[in-house]
Structure formats: structure tokens, C-alpha cells
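Worksheet: the structure to be examined is printed underneath.
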Amino acid sequence: GHISELIGQPTSGKRTLALHILAHAQKRHPCVYINLAQTFDPAYAAACRVNLARLALAAPASPSQALDLVCDLAAGGKFGLVVFDSTSELLADALPAGAAAPALRRLRQALAGQPTALLFLTAPVDDALDLPGNYPPGFALNQAAAVRLQVRREQWLHDGSLIAGYRARVAVLRNRWGRPGQETTIRVTFNGVHVHGE
């Protein structure tokens, strides 16, 4: 019944972490991946243990269509997790003027009381987390999200001369049920794309 947000630049580990969250959620509920960014890689998702046979993949034609679809899916209560990839496309292909705030309000209303969680993936502009330019005008996702996590790649991991993965830091920016500011480190290794917490 809540919105969460994973924030990070490309190669930060944001999508990898989202796929692992998705794989975990699939053990109990069917899930949906909204592929607005058209970056979904089925082979990589399978390496992250996503069960492709139990995943609904949607590729909406526009941001407005994507938001309408998410509202309908959330209101239906049939899915455990909906991953929205990504908010950058809401900016790239602009929503109609004044449509963003009502869309977010409808999303929150649709989720209320449902067993569905909604996870937005966001790439911030110039690493600035709460700039208004990260979202369409009125789409105050930074205020609406119950949980906001920032993912930052810290260091590439090497196996001899080959890159074997990377270490990333995950920081809690907001948590409606706990205190923000906590951090952890994860290692993403490319031998099967395992995520290890340290």
C-alpha cells in the first residue's frame, strides 16, 4: 500500500537491487515491471533470480499511459510489487501540463489498503537528490514515498585484470517506519549477479 523510491545514477546498482527486490517479492506474489525506460534485460533479470515466467512486463507508449496503468494495477490489488522504470521518462516525454500532481494523488489513493507495493527508479539530475527538476512539476515523489533509498557505486571490484563487479553504498534517505540516515554496503558480483550485504 505504499510507494518506495530507489535513487541512483546508471551503474550505481539501482536496477540490480530493484531486480533482487522483485525476485524476493515474486516468491509470494505475482509482480509487474513497467518498462517505460526500455532497459529491461531478461537475461540479466534471470541472473538476478527473477522468475521470468511469473513476471508481467509492460511497455507503455507514453508516461501518461504508464501512470494510468500503474493506477489500475495498484487498485486491482493482484500484484505484490510494481516496479516503475523510470521517472526520467516522465521528464523526457513530458506529461500534459498539470497532470503530474493528480496522477500522483490517484496513485496514492489506488494503493491505499492494497497488498501492492510500488517501487519507482529515479536517476537524479547531477546527483542532486531533491531538485525539482528530478520530477515533473507537481510530481512530488520525494514527499510521497514512504521509503527512499540512495544507491551509489563506490568502487569497481577486480579479479586480476577483469572487472568482477562493484561495491555500492545504500543510504536510507527516508523511512516512514524508522529513522533515516542508516547505510549499508552491498557487493554486486557478475558471476551470477549476486548481491551480498556487508
Side-chain angles (χ1 to χ4, degrees), residues 2-61 63 66 69-70 73-74 78-90 92 115-124 127 129 141 145-173 175 182-198:
H2 294 281
I3 296 171
S4 294
E5 184 182 24
L6 278 179
I7 305 160
Q9 296 296 352
T11 75
S12 65
K14 168 188 65 189
R15 282 193 177 92
T16 301
L17 187 55
L19 290 171
H20 279 271
I21 293 168
L22 181 62
H24 181 72
Q26 278 188 316
K27 292 175 184 175
R28 298 183 61 204
H29 305 283
C31 298
V32 183
Y33 195 99
I34 307 293
N35 191 27
L36 190 58
Q38 299 182 4
T39 57
F40 186 82
D41 180 343
Y44 190 76
C48 291
R49 298 190 173 107
V50 171
N51 182 346
L52 297 175
R54 286 183 46 97
L55 179 68
L57 183 66
L69 177 61
V70 171
L73 293 172
K78 304 253 189 259
F79 296 96
L81 177 66
V82 178
V83 177
F84 191 99
D85 188 3
S86 76
T87 58
S88 299
E89 279 60 42
L90 297 178
T116 303
L118 175 56
L119 178 62
F120 278 94
L121 305 184
T122 299
D127 252 0
L129 299 181
L141 188 57
V147 175
R148 298 180 76 217
L149 302 177
Q150 180 187 22
V151 185
R152 291 191 124 150
R153 181 174 40 81
E154 286 191 324
Q155 179 181 4
W156 293 106
L157 303 175
H158 293 86
D159 182 6
S161 61
L162 298 174
I163 294 177
Y166 55 90
R167 190 169 65 225
R169 179 151 304 271
V170 181
V172 179
L173 302 177
N175 181 356
Q182 298 177 62
E183 295 188 354
T184 191
T185 300
I186 59 172
R187 287 186 314 121
V188 179
T189 55
F190 297 147
N191 55 342
V193 201
H194 302 291
V195 173
H196 308 281
E198 294 182 356

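Side chains included, hydrogens not; waters and symmetry mates left out as well; all remaining heavy atoms used. As the structure is a prediction and not an experimental result, all values here were calculated from the model. Numbering starts at 1 and runs along the sequence shown.
- Side-chain contact between Leu121 and Arg15 is present, with at least one heavy-atom pair separated by less than 4.5 Å.
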Inset, instruction - Please assess Tyr166 against Thr189 for the test side chain to side chain contact (heavy atoms under 4.5 Å, CB included), listing each intermediate value before the final yes or no. - result: CA-CA 7 Å; Tyr166 55 90; Thr189 55; over 6 Å; no
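- By the 4.5 Å heavy-atom criterion applied to side chains, Leu19 and Ile21 are not counted as neighbours.
- For Asp159, the side chain to side chain contact (heavy atoms under 4.5 Å, CB included) test picks out Ala164, with sequence neighbours left out.
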Inset, instruction - Begin from the C-alpha positions of Val50 and Gln26 and carry the test side chain to side chain contact (heavy atoms under 4.5 Å, CB included) through to its verdict. - result: CA-CA 8 Å; Val50 171; Gln26 278 188 316; 3.7 Å; yes
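- With sequence neighbours left out, the side chain to side chain contact (heavy atoms under 4.5 Å, CB included) criterion links Ile163 to Trp156, His158, Phe190.
- For Thr122, the side chain to side chain donor-acceptor pair (under 3.5 Å) partners are Glu5, Thr87, not counting sequence neighbours.
- Taking every heavy atom of both residues into account, Pro60 and Leu69 meet most closely at CG-CD2, 4.2 Å.
- The salt bridge (charged side-chain N to carboxylate O under 4.0 Å, His left out) pairs that include a residue from residues 23-34 number zero, where partners must be two or more places apart or lie in different chains.
- For the side chain to side chain donor-acceptor pair (under 3.5 Å) test, residues two or more places apart in sequence or in another chain that qualify with Gln155 are Arg167.
- With sequence neighbours excluded, the residues that form a side chain to side chain donor-acceptor pair (under 3.5 Å) with Ser86 are Glu89.
- Side-chain atoms of Gln150 do not come within 3.5 Å of backbone N or O of Leu6 as any donor-acceptor pair.
- Every salt bridge (Lys or Arg N to Asp or Glu O under 4.0 Å) that Arg169 has, sequence neighbours left out, goes to Glu154, Glu183.
- A search for side chain to side chain contact (heavy atoms under 4.5 Å, CB included) contacts involving Ser12 returns Lys14, Val151, not counting sequence neighbours.
- Distance alone, capped at 3.5 Å, places no donor-acceptor pair between the Thr116 side chain and the Leu81 backbone.
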Between side-chain atoms of residues 29-38 and protein atoms elsewhere (two or more places apart, or another chain), which donor-acceptor pairs fall under 3.5 Å?
| residue | atom | partner | partner atom | Å |
| --- | --- | --- | --- | --- |
| Tyr33 | OH | Asp85 | OD2 | 2.5 |
| Asn35 | OD1 | Gln38 | N | 3.2 |
| Asn35 | OD1 | Thr39 | N | 3.1 |
| Asn35 | OD1 | Phe40 | N | 3.2 |

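- With sequence neighbours excluded, the residues satisfying side chain to side chain contact (heavy atoms under 4.5 Å, CB included) with Ala146 are His2, Arg176, Trp177.
- Looking at Leu149 and Ile7, their side chains never come closer than 4.5 Å, going by heavy atoms from C-beta outward.
- When the ring-ring contact (aromatic ring centres under 6.0 Å, His included) test is applied to Phe120, the partners found at least two apart in sequence or on another chain are Phe84, Phe139.
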